[in-house]
Amino acid sequence: MVHALNRTRRWLRPDGCLIDLHPAGELAHVEVCTPGGIVRVGEVQDESDAKGPLGRHHAAELALDEAVANHGWIREERATFTFSSQADSPEEIDAHLRRKWRAAHLDVATIDRAHALLRANPGAVVRVIERVVISRLTPRS
Amino acid sequence: MSLRLDPEGHEISSLAAFLPRRANLRVLEIGCGDGRLTRRYAHMVARVLAIDSSRLELDECRQTMPADLAGRIELRESPIETLQIARDDADFDVVLMSWSL
């Protein structure tokens, strides 16, 4: 990862910057937004690799820290934000996860809990919530 | 109704806040995937070279790219490890790594 990150330096202007986005160190969760409030119904089951989502976050943070400590980058700015993926049914969410995430899905219990809330609350939506870290790094001159 | 990704716009507003404050930005995006994010920020910059190692993802990106953005986005199939950029073109204002570390 650090190698890839450092490789980008050759393509940057001297006053250019690198912007990285990666999931923050918490599991993505599933919630249903009802008129009465937001109800958490489960977590995304992510079996992409041995590291798992938290391990991948940790590896990305380590790569950035290593780039700053030993490879001449300055981490100028860092922030987090919430990324939501909304749908009208948990099956839509599940299909999206299976197609676009590496090997993630919703478990049956989460789907059932979401359905119960959606049936009881017309107009409610189900969504996946991820926390994302965004960082801006610049090459040390 | 179909899936809605980041309907609140948190991702694009965060990215906009981190982009350099100058005109005619050139962006190299590493791991653009199906272009979900590329489509959202491309109108803010002058040129994008977006790379991905997956031909399938790039095909989807091409098929879903709005015509008014196509002229400013170049897509290239390549992993970062073997990416070659001519010296004259290697002056990007921003390298964007989106979920690719």
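Chain identifiers are assigned alphabetically (A, B, ...) following the order of the sequence lines, protein sequences preceding nucleic acid strands; residue numbering begins at 1 within each chain.
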*Under the salt bridge (Lys or Arg N to Asp or Glu O under 4.0 Å) rule, collect the residues that match up with B:Asp59, sequence neighbours excluded.*
B:Arg62
_Given heavy-atom pairs under 4.5 angstrom as the criterion, report whether the side chain, backbone, both or neither of A:Thr138 touches chain B._
neither
*asked:* I'd like to check B:Arg4 versus A:Glu92 (side-chain heavy atoms, cut-off strictly below 4.5 Å). Are they in contact?
replied: no
*Are A:Asp15 and B:Arg22 close enough that some pair of their side-chain heavy atoms sits under 4.5 Å apart?*
yes
_Which of B:Leu15, B:Leu83, B:Ile30 touches chain A most, by non-hydrogen pairs under 4.5 Å_ = B:Leu83
*All side chain to side chain contact (heavy atoms under 4.5 Å, CB included) counterparts of A:Glu91, not counting sequence neighbours*: A:Ser89, A:Ile111, A:His115
*asked:* So for A:Arg127, is it side chain, backbone, both, or neither that comes closer than 4.5 Å to the heavy atoms of chain B?
replied: side chain
*Let me know if B:Arg36 has heavy atoms under 4.5 Å from chain A in its side chain, its backbone, both or neither.*
side chain
*Which distance, rounded to the nearest 0.5 Å, do you find between the SG of A:Cys17 and the CG of B:Asp93?*
8.0 Å
*asked:* Under 4.5 Å between side-chain heavy atoms, counting indirect links through other Ile/Leu/Val/Met/Phe/Trp/Tyr residues: same cluster for A:Ile38 and A:Val41 or not?
replied: no
_Transitive ILVMFWY side-chain link A:Val133 to A:Ile129, under 4.5 Å_ = no
*Contact class of A:Val128 relative to chain B, heavy atoms under 4.5 angstrom*: neither
*CZ/B:Phe92 to CZ/A:Arg10 distance, rounded to the nearest 0.5 angstrom?*
13.0 Å
_Under 4.5 Å from any heavy atom of chain B, what part of A:Glu130 do you find: side chain, backbone, both or neither?_
side chain
*asked:* Looking at every non-hydrogen atom in both residues, tell me the closest pair between A:Thr82 and B:His10 and how far apart they are.
replied: O-ND1, 2.9 Å
_Out of A:Glu76, A:Arg7, A:His96, A:Glu77, return the one with the most heavy atom pairs under 4.5 angstrom to chain B._
A:Arg7
*What's the spacing between A:Thr8 OG1 and B:Leu96 CG if we round to 0.5 Å?*
11.0 Å
_Part of B:Glu11 lying under 4.5 Å from any heavy atom of chain A_ = both
*asked:* If we check side-chain contact (heavy atoms from CB on, under 4.5 Å) with A:Trp11, which of these qualifies: B:Asp89, B:Leu49, B:Ile80?
replied: B:Ile80
*asked:* Please say yes or no: joined through hydrophobic side-chain contacts below 4.5 Å, possibly via intermediate residues, are A:Val125 and A:Val32 part of one cluster?
replied: no
*Can you say whether B:Glu29 sits under 4.5 Å from chain A via the side chain, the backbone, both, or neither, judging by heavy atoms?*
neither
_Would you say that B:Leu28 contacts A:Leu12 through its side chain, given a criterion of any heavy-atom pair below 4.5 Å between the two side chains?_
no
*Does A:Arg140 CZ have over 12 foreign heavy atoms under 6.0 Å away?*
yes
*How far apart are the closest heavy atoms of B:Asp91 and A:Arg13, and which atoms are they?*
O-CG, 3.1 Å
*Around B:Asn24, counting heavy atoms of other residues, nucleotides and ligands shown, do more than 12 lie under 6.0 Å from its CG?*
no
*Within one Ile-Leu-Val-Met-Phe-Trp-Tyr cluster: A:Leu18 and A:Leu62, side-chain cutoff 4.5 Å*: no
_Same cluster or not: A:Ile74 versus A:Ile19, using hydrophobic residues (I, L, V, M, F, W, Y) connected whenever any side-chain heavy atoms lie under 4.5 Å apart?_
no
*Relative to chain B, which segment of A:Arg136 carries a heavy atom at a distance below 4.5 Å: side chain, backbone, both, or neither?*
both
*At their closest point, which heavy atom of B:Leu3 faces which heavy atom of A:Ala87, and how far apart are they?*
CD1-CB, 3.9 Å
